[in-house]
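The block underneath contains the structure these notes are about, expressed in structure tokens.
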Amino acid sequence: MEQDTSPAKMRIDKWLWHARFFRTRSLAAKAVDGGHCRVNRERIKKSGYAVRVGDVLTFAQGQNIRVIKIQALADRRGSAPQAVLLYEDLDPPSAKPAKDMVDQSPKRDAGAGRPTKRERREMEKVRMPL
């Protein structure tokens, strides 16, 4: 008889770290404790919340919102190819922004010195349009 060594439940911060969504477990815990994570559409604010296979996680990762279905629980953090087996990505593939839309900030010549107050205000208008 073989015993299944994988746990039935796991802390959400630990699972996010094992699945390599966050570089450290403390970063995963901060994301959960900050209220930026949902499990089955319920907002979770405790990093000790136990997740199971079949749960759907929604969380912010950088500029993207990720929707993930848990496929398996791991007992240790493995390599990236092993981590992909732990979840199913439910997000539709998003189109990458066009290269001309990526960086619209005004360019300054190298060695041009510090921008003047007028130039700085013009740069801020482009970055944060009202």
Side-chain angles (χ1 to χ4, degrees):
M1 254 194 313
E2 290 184 25
Q3 283 187 321
D4 187 17
T5 58
S6 63
K9 295 181 186 178
M10 180 181 279
R11 290 174 55 108
I12 188 168
D13 62 337
K14 199 171 184 181
W15 188 87
L16 287 169
W17 177 63
H18 282 204
R20 293 186 168 264
F21 287 110
F22 293 95
R23 181 176 277 178
T24 64
R25 187 170 163 190
S26 61
L27 287 175
K30 284 181 187 177
V32 175
D33 292 338
H36 304 294
C37 188
R38 293 175 183 259
V39 177
N40 299 327
R41 297 186 176 185
E42 287 186 36
R43 185 174 295 235
I44 304 302
K45 291 190 177 183
K46 292 188 177 185
S47 57
Y49 185 85
V51 293
R52 301 176 183 190
V53 174
D55 285 346
V56 176
L57 305 180
T58 307
F59 59 93
Q61 184 182 28
Q63 297 289 332
N64 302 324
I65 302 294
R66 304 292 305 262
V67 181
I68 303 297
K69 183 175 182 182
I70 298 176
Q71 296 290 342
L73 303 176
D75 51 345
R76 67 176 194 88
R77 188 174 198 231
S79 64
Q82 291 173 341
V84 174
L85 301 175
L86 298 178
Y87 62 90
E88 175 187 352
D89 195 357
L90 300 178
D91 281 339
S94 61
K96 292 184 178 180
K99 286 192 174 198
D100 59 333
M101 297 298 289
V102 172
D103 189 18
Q104 295 180 348
S105 61
K107 299 293 180 195
R108 291 182 45 87
D109 294 329
R114 188 172 169 177
T116 63
K117 191 171 194 176
R118 182 179 181 187
E119 291 171 336
R120 183 181 50 80
R121 286 181 177 159
E122 288 174 0
M123 287 189 281
E124 287 177 0
K125 283 181 187 177
V126 173
R127 285 187 197 146
M128 293 183 243
L130 294 176

Query raised in the report: Do NZ/NE/NH1/NH2 and the carboxylate oxygens of R118 and E122 come within less than 4.0 Å?
Result: yes
Nearest atoms (heavy-atom pairs only) where [X] meets [Y]:
X: L73; Y: V51; value: CD1-O, 4.2 Å
X: T24; Y: W17; value: C-CD1, 3.5 Å
X: R52; Y: A8; value: CG-O, 3.8 Å
X: D91; Y: I65; value: OD2-O, 2.9 Å
X: F22; Y: A60; value: CZ-O, 4.1 Å
X: Q71; Y: Y87; value: CG-C, 3.6 Å

With sequence neighbours left out, the residues meeting side chain to side chain donor-acceptor pair (under 3.5 Å) with S47 are R11
By side chain to side chain donor-acceptor pair (under 3.5 Å), D89 pairs with (sequence neighbours left out) R66
Taking the side chain as every heavy atom from C-beta outward, state whether L90 and I68 have any atom pair closer than 4.5 Å. no
Step-by-step side chain to side chain contact (heavy atoms under 4.5 Å, CB included) determination, M10 to W15:
CA-CA 7 Å; M10 180 181 279; W15 188 87; 3.8 Å; yes
To the nearest 0.5 Å, atom CG of D13 lies from atom CG of D33 at 7.5 Å
| query | Do the side chain of E42 and the main chain of V39 share a donor and acceptor less than 3.5 angstrom apart? | reply | no
